[in-house]
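Heads up, the thing below is written out as structure tokens.
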Amino acid sequence: MTLSKLKISEQKYRELVENANCMIVKLDTSGNIIFFNEFAQHFLGFKDIKINEKIILSTIYSNTDSNERNISDFVKNLLHNPEKYDNNLSEIIKKDGVRCWIAWTNKLLLDSQGKITGILSIGHDITDQKIVEEKLLAIINFLPDATFVIDIEGKVIAWNYAIEEITGVKAENIIGMGNYEYSLALYNKREPIFIDYALRPDLDISNRYTNYKQEGNSIIGETYNTFLNPNGIYLWGKASSLFDANGNIIGAIESFRDITHLKNEKP
């Protein structure tokens with residue numbers, strides 16, 4: 001590549017980075033911020049200043065010892081286990097004191113010999129989404145039916161009071177857990193259940209559920225459970241897909257209730 005073409009390529013790259021509608025941040029291997037793009041400067045409240053990692057870190061992480069240790073630990077963990085930290089959420093504080101939530105995508109930067117030279121993080125403001133989620137979770141918590149929510153990766157993101165009561169599993173002990181942890185809490189087995197069918201309609205659930213039917217993006221059915229109660233209880237449940245503003249599936253929600261008394265009333 002000629003020198004002129006290289007300069008043109010670098011200029012286009014810089015324009016792309018500077019005009020991106022997201023925060024682009026570069027950290028060194030010690031966790032110091034050595035670059036952030038124009039969008040990040042405006043978003044955080046810094047304009048036309050020489051980058052100073054202490055100022056930026058104090059703005060993003062509240063300038064507390066505990067938070068600075070957290071970013072140090074985060075960088076250390078990312079360098080040793082990058083796959084686990086491809087994506088993460090953080091609550092940051094802008095220069096004007098406003099708190100907001102950022103969804104980060106992280107990637108290790110390597111030199112020509114494959115040595116790690118730093119971390120590239122791309123952040124999107126999801127504060128509005130987070131506010132909606134928190135309001136939704138507050139509503140879910142007070143629903144009378146046992147209710148839980150999983151994301152597209154099958155991790156539990158909501159576990160209400162009613163399901164805590166029926167399973168004996170507290171929300172703080174299951175939120176963020178994947179690998180069918182919710183199925184383990186409900187059936188003592190790690191396997192796909194009703195809520196998974198809402199994400200993957202190709203699943204066969206005939207061995208566990210009866211009288212089930214599809215209603216739009218929801219599925220309704222019954223099951224008999226001897227794990228939650230050794231005497232056996234009948235559960236009626238409904239699971240539905242959850243979508244974002246663009247119509248993409250982002251998770252699923254399931255609610256169920258004990259209908260044993262209704263079954264016993266039948267002649």
Q.
Please check: side-chain N/O of S241 versus main-chain N/O of A198, any donor-acceptor pairing under 3.5 Å?
A. yes
Output a table of donor-acceptor pairs, distance under 3.5 Å, between side-chain atoms of residues 170-177 and any protein atom two or more places apart or on a different chain; print 'none' if there are none.
none

Q. Of all residues at least two apart in sequence or in a different chain, which pass the side-chain contact (heavy atoms from CB on, under 4.5 Å) check with R190?
A. N179, Y180, E181, L184
Q) In this structure, are over 12 heavy atoms from other groups packed under 6.0 Å from K130 atom NZ? A) yes
Q | Donor-acceptor under 3.5 Å (N37 side chain, I24 main chain) | A | yes
Q.
So, using side chain to side chain donor-acceptor pair (under 3.5 Å) as the criterion, who are the partners of D128 when residues are at least two apart?
A. none
Q) Is there a side-chain hydrogen bond (donor to acceptor under 3.5 Å, both in side chains) between T117 and D111 once you walk through the steps? A) CA-CA 6 Å; T117 59; D111 62 17; over 6 Å; no
Q: Using salt bridge (charged side-chain N to carboxylate O under 4.0 Å, His left out) as the criterion, list what pairs up with E191, not counting sequence neighbours.
A: R208
Q | Test item: S183 side-chain N/O and K189 main-chain N/O as donor-acceptor pair under 3.5 Å | A | yes
Q: Establish, yes or no, whether a centroid distance under 6.0 Å links the rings of Y224 and Y234.
A: yes
Q.
For residues 126-157, which residue pairs pass the ring pair (Phe, Tyr, Trp, His ring centres under 6.0 Å) check, not counting sequence neighbours?
A. F142-Y161, F148-W159, F148-Y182
**Q.** Residue pair T260 / D258, side-chain donor-acceptor N/O under 3.5 Å
**A.** yes
Q) Is the side chain of N229 donor-acceptor paired with the backbone N or O of T226 at a distance under 3.5 Å, no angle test? A) no
Q.
Donor-acceptor check, side chain of N160 to backbone of D145, threshold 3.5 angstrom: yes or no?
A. yes
Please tabulate, for side-chain N and O atoms in residues 211-218, each donor-acceptor pair with protein atoms closer than 3.5 Å (sequence neighbours left out).
from, atom 1, to, atom 2, distance (Å)
N211, ND2, E222, OE1, 3.4
Q214, NE2, G216, O, 3.2
Q214, NE2, S218, O, 3.4
S218, OG, S240, OG, 2.5

Q) Do the side-chain N and O atoms of S90 and W101 include a donor-acceptor pair separated by under 3.5 angstrom? A) no
